[in-house]
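Atoms within a ligand are numbered from 1 in the order they appear, just like the ligands themselves. Being a predicted model, the structure only gives us computed values, none of them experimental.
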Amino acid sequence: MPKFRGVKRWAMLFSAMLLSSILLAACDQNTPSILNPQGPVASKEAGLFWFVLVVATIVFVAVEGVLIYSIVRFRERPNAPMPRQIHGNNTIEIIWTVAPSLFLFAVLIGTIYTMFNLSNISGQGRTLEVKVVGHQWWWEFDYTNDNIVTADELVVPVNTVIHTTLESNNVIHSFWIPQITGKTDVVPGHNNDKVFLASTIGTYRGICTEFCGLQHAHMSFLLVVKSQDDYMSWLHNQQAVAQAPTDAVAQAGMKIFTGSGACFGCHGIVGVNLQSFSDPHANALIGPNLTHFATRTSIAGLVLSWNPQSCVVGTDSSGKPAIQNPSACGLYQWLHNPQAVKPGNDMNIRPLSDTEIAQLVAYLESLT
Ligand code: CUA
């Protein structure tokens, strides 16, 4: 039946295409790869991956080789006699018990050695201490010895040991920066530690890798690695309190921010509703600290990018403040309807007019 064979061939081709599209979907250039490590911890983990791959390849080639050889060499032929039966052969049974044990033992030794060696790293200068808090669904970075707080962007100096304490006050998350360090669970009531170091200046994507609710997929963050000097100037800027805006539109935005039942019920700004970065009132605020929001590049777990250049505040036809290019402005989309951008998140706000959004954007742009 040639017609049926044609259908079958197309079905097979279609299945192969579907399968390859799933596999190739992972080949995005921005996908962080554990095989492109940029720090000693990830390098050790990648080394373990290659070691296990080599062992597994040897086993695969040997087993499949013997299997294919046997299938061909000892296949059934017409009138062939009954093959020699080897059931109960002690020598063969000992060999196929001992050989896999040796391979598995090699993998075990390699894994244990790597595990106990991971935090054995050294860098320049002091160790940077960071308390990492997993929220639903964003990351808080509390620099305990540098006394600043950021969200979704962990900025660190290059070649410096970073010691993190991983905390959660809600569900289990998992902290992972594929090119820098492997996964560690962030468990409520049980703080884990993690030590890593980035040896190349750049920006690396971090991911939550434990299902933690509706927006688990939108709980990414950035590790921004700066030179020692750039880090120090960034840090000095972050340690400053927020400056009151001088521009009238931004001043109107600040008024909305601090109005009754408004933004500052959830968000903290040092110099506005927080005395300092260690102000205990911050514990009552469920949203990210926005003190130097304008220095960040993303919003809400990297759902949207944030760049003041794409959010130009001008005026509309009636002379009121308005965002010139709302479709290119991630912050406009976020303030316009945060539940449409990231359904289920904690930002439940009253609808804001376009004028109010423009004023708020102007204020947030002033938080440099
Ligand atoms: Cu947090 Cu998944």
query: Using the benzene-type ring in the case of Trp, are the ring centres of F221 and W138 under 6.0 Å apart?
result: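 F221 vs W138: aromatic centres not under 6.0 Å.
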Do [X] and [Y] have a side chain donor and acceptor closer than 3.5 Å?
{"X": "T181", "Y": "K194", "result": "yes"}
{"X": "S366", "Y": "Q243", "result": "no"}
{"X": "H173", "Y": "N170", "result": "yes"}
{"X": "S227", "Y": "D229", "result": "no"}

message: Restricting to under 2.8 Å, identify the protein N, O or S atoms around atom 2 (Cu) of ligand 1 as residue plus atom.
response: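 For atom 2 (Cu) of ligand 1, the protein N, O and S atoms that sit under 2.8 Å away are C208 SG, E210 O, C212 SG, H216 ND1.
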- prompt: Looking only at heavy atoms, which two atoms of F264 and G259 are closest? And how far apart?
  reply: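 Minimum heavy-atom contact is CE2-O, 3.6 Å.
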